[in-house]
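Below: the structure, in structure tokens.
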Amino acid sequence: MKKILFYFLTIAAVVFASCSSKENLAIITADELSPMQVGKVFIYRLDSTVLANFNQSLVVHSYIAKDSIESKFNDGSGRTSFRIFRYLTDTLQTKPWQYTATYYSTTDNNTIEYIDNNLRFVSLVSPVRAGVQWKGTQYINSISPSPFSYFSNWNFEYQNADEPFLTKKGIIQNTYTIFQQDETLPDIPFSTNNYQEKSFSKEVYAKGIGLIYKEFIRWTYQPPTAVNKYFQEGSFGIKLNLIDYK
């Protein structure tokens, strides 16, 4: 009887150790979702939502974007950082690339920060695991009357861990979605007769590749007055969808 009990306990211990080992191996780091290297290039379809018709409406303009990791450096705090240049051309790629912006990616302990237009986001954290949450906009001044007050207290969260994701390039495996925000105030169907504001944001990263999809929209609509109706200044959106990388 003792031998049988010992046998089952031994098997259970081996199975438990094996499962624990697999769980440990399954945990990946933020660096694996954003492996930065000078010379690396990402090509995206970029859909830009902008104000039009004297702020009476929102329209989408489409481009091809090229993000090129131009250089590596240490920032003022000695942290490893990368400088990223963005270039745009038309969707048929008949015109020369035009430089449009510079972005920065910085590794800090178990986090990766991304600076866009002087706004500092905590884009990724370690460990990468479904359900992990963090304050992704904690370094942005969101205290009213800041024009970025809508970034207040955003909770980023890993979702759809290690799942396939469809892009312009095709289906990419081992992806992780970072849900960032989805808020509509008031939460009713849109009507040109009502005030409403909307914030939606998410990103998708692929292990060993980097950012493969991004969607952001922010607008505030003011209802009709004695003069007009309009979308408030600062309303905009952007969508990036990976076409290729090298």
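Just so it is clear, the structure is predicted and the values come from calculations on it, not from any experiment.
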Aromatic ring centroids of Tyr213 and Phe165 under 6.0 Å? yes

Hey, are the side chains of Leu211 and Glu203 touching, using non-hydrogen atoms and a 4.5 Å cut-off? yes

Trace of the side chain to side chain contact (heavy atoms under 4.5 Å, CB included) decision for Arg83 with Ile69: CA-CA 6 Å; Arg83 184 180 291 106; Ile69 303 178; over 6 Å; no

Is there a side chain to side chain contact (heavy atoms under 4.5 Å, CB included) between Tyr205 and Lys207? Walk through the geometry before answering. CA-CA 7 Å; Tyr205 289 79; Lys207 181 181 178 182; over 6 Å; no

With a 4.0 Å cut-off on N to O distance, would you call Arg86 and Asp67 a salt bridge? yes

What do you reckon, is CD of Gln173 surrounded by more than 12 foreign heavy atoms closer than 6.0 Å? yes

Is there a side chain to side chain contact (heavy atoms under 4.5 Å, CB included) between Tyr63 and Ser48 once you walk through the steps? CA-CA 8 Å; Tyr63 308 90; Ser48 176; 4.2 Å; yes

Any idea how Trp134 and Phe156 line up, ring-wise: parallel (<30°), tilted (30 to 60°), or perpendicular (>60°)? perpendicular

Of all the heavy-atom pairs spanning Leu51 and Gly234, show the shortest one and how long it is. CD1-N, 4.3 Å

Quick one, Asp47 and Val60 - any side-chain contact, counting heavy atoms below 4.5 Å? yes

Intermediate values then yes/no, side chain to side chain contact (heavy atoms under 4.5 Å, CB included), Ile238 and Lys214: CA-CA 8 Å; Ile238 186 172; Lys214 176 184 178 70; 4.2 Å; yes

Using atom types as modelled and distance alone, determine if a side-chain donor or acceptor of Asp90 lies under 3.5 Å from a backbone N or O of Gln93. yes

Do you know the tightest heavy-atom contact between Pro127 and Val132? O-CG2, 4.0 Å

Do we see a donor-acceptor contact under 3.5 Å between the side chains of Gln180 and Ser201? yes

Is there a side-chain contact between Glu32 and Val128 (heavy atoms, below 4.5 Å)? no

Just wondering, do Thr80 and Thr106 contact through their side chains at under 4.5 Å, heavy atoms? no

Side chains of Arg218 and Ser199: any donor to acceptor distance under 3.5 Å? yes

As an exercise, state the distance from CD of Gln56 to OG1 of Thr192, rounded to the nearest 0.5 Å. 10.5 Å

Are side-chain N/O atoms of Ser57 and Asn53 paired as donor and acceptor at under 3.5 Å? no

About how many Å separate NZ of Lys168 and CG of Asp244, when rounded to the nearest 0.5 Å? 14.0 Å

From the list Leu33, Ile28, Thr29, side chain to side chain contact (heavy atoms under 4.5 Å, CB included) partner of Asp31 resolves to Thr29

Of all the heavy-atom pairs spanning Arg79 and Thr107, show the shortest one and how long it is. CB-O, 3.6 Å

Within 45° of the six-membered ring axis of Phe179 and under 6.0 Å from that ring's centre, is NZ or CZ of Lys202 located there? no

Are Asn241 and Thr167 linked by a side-chain donor-acceptor pair shorter than 3.5 Å? no

With a cutoff of under 4.5 Å between side-chain heavy atoms, which Ile, Leu, Val, Met, Phe, Trp and Tyr residues group with Tyr230? none

Would you kindly confirm whether Phe200 and Val50 end up in one hydrophobic cluster when ILVMFWY residues are joined by side chain heavy atoms under 4.5 Å apart? no

Donor-acceptor side-chain pairing of Ser62 and Arg45 below 3.5 angstrom: yes

Can you list the residues that meet the side-chain hydrogen bond (donor to acceptor under 3.5 Å, both in side chains) rule with Gln196, with sequence neighbours excluded? none

Could you tell me whether a side-chain N or O of Asp75 sits under 3.5 Å from a main-chain N or O of Ser77, the two making a donor and an acceptor? yes

To the nearest 0.5 Å, what is the distance between OH (Tyr44) and CG (Leu240)? 6.5 Å

Checking Ser152 side chain against Ser149 main chain: does a donor-acceptor pair fall under 3.5 Å? no

Hey, any chance Phe151 and Ile115 share a hydrophobic cluster, counting ILVMFWY side chains that come within less than 4.5 Å of each other, even indirectly? no

Verify same cluster id: Val41, Tyr104 (apolar side-chain graph, 4.5 Å): no

Of the non-hydrogen atoms in Gln181 and Trp154, which two are nearest, and what is the gap between them? NE2-NE1, 2.9 Å

Quick check: are there more than 12 heavy atoms from other residues, nucleotides or ligands sitting under 6.0 Å from CD1 of Ile188? yes

Sub-6.0 Å ring centroid separation between Phe190 and Tyr221: yes

Closest heavy-atom pair and its distance - Ile112, Ala30: CD1-O, 3.6 Å

Knowing that exactly one of Tyr99, Tyr103, Phe42 qualifies, which makes a ring pair (Phe, Tyr, Trp, His ring centres under 6.0 Å) with Phe85? Tyr99

Between Gln138 and Lys135 (side chain of the first, backbone of the second, donor and acceptor by atom type, cut-off under 3.5 Å), is there such a pair? yes

Interatomic distance, Phe231 atom CZ to Phe236 atom CZ [nearest 0.5 angstrom]: 14.5 Å

Closest non-hydrogen contact found for Ala161 with Ala130 is CB-CB, 3.9 Å

Decide yes or no for Thr184 and Glu197: does some side-chain heavy atom of the first lie under 4.5 Å from some side-chain heavy atom of the second? no

Less than 4.5 Å apart, side chain to side chain, heavy atoms only: is that true for Ile171 and Pro164? yes

Do Leu58 and Tyr150 share a hydrophobic cluster (ILVMFWY, side-chain heavy atoms under 4.5 Å, transitive)? no

I want to check something: taking the side chain as every heavy atom from C-beta on, are Ile217 and Thr49 in contact at a cut-off of under 4.5 Å? yes

Measuring from Leu124:CG to Tyr114:OH, what's the distance to the nearest 0.5 Å? 11.5 Å

Min side-chain heavy-atom separation Phe82-Gln37 under 4.5 Å: no

Flag yes if Ile243 and Trp97 sit in one hydrophobic cluster, no otherwise; membership is Ile, Leu, Val, Met, Phe, Trp, Tyr, and two members link when side-chain heavy atoms are under 4.5 Å apart. yes

Got a donor-acceptor contact below 3.5 angstrom from the Ser146 side chain to the Asn141 backbone? yes

Nearest 0.5 Å, please: how far is CG in Asn55 from CD in Gln222? 11.0 Å

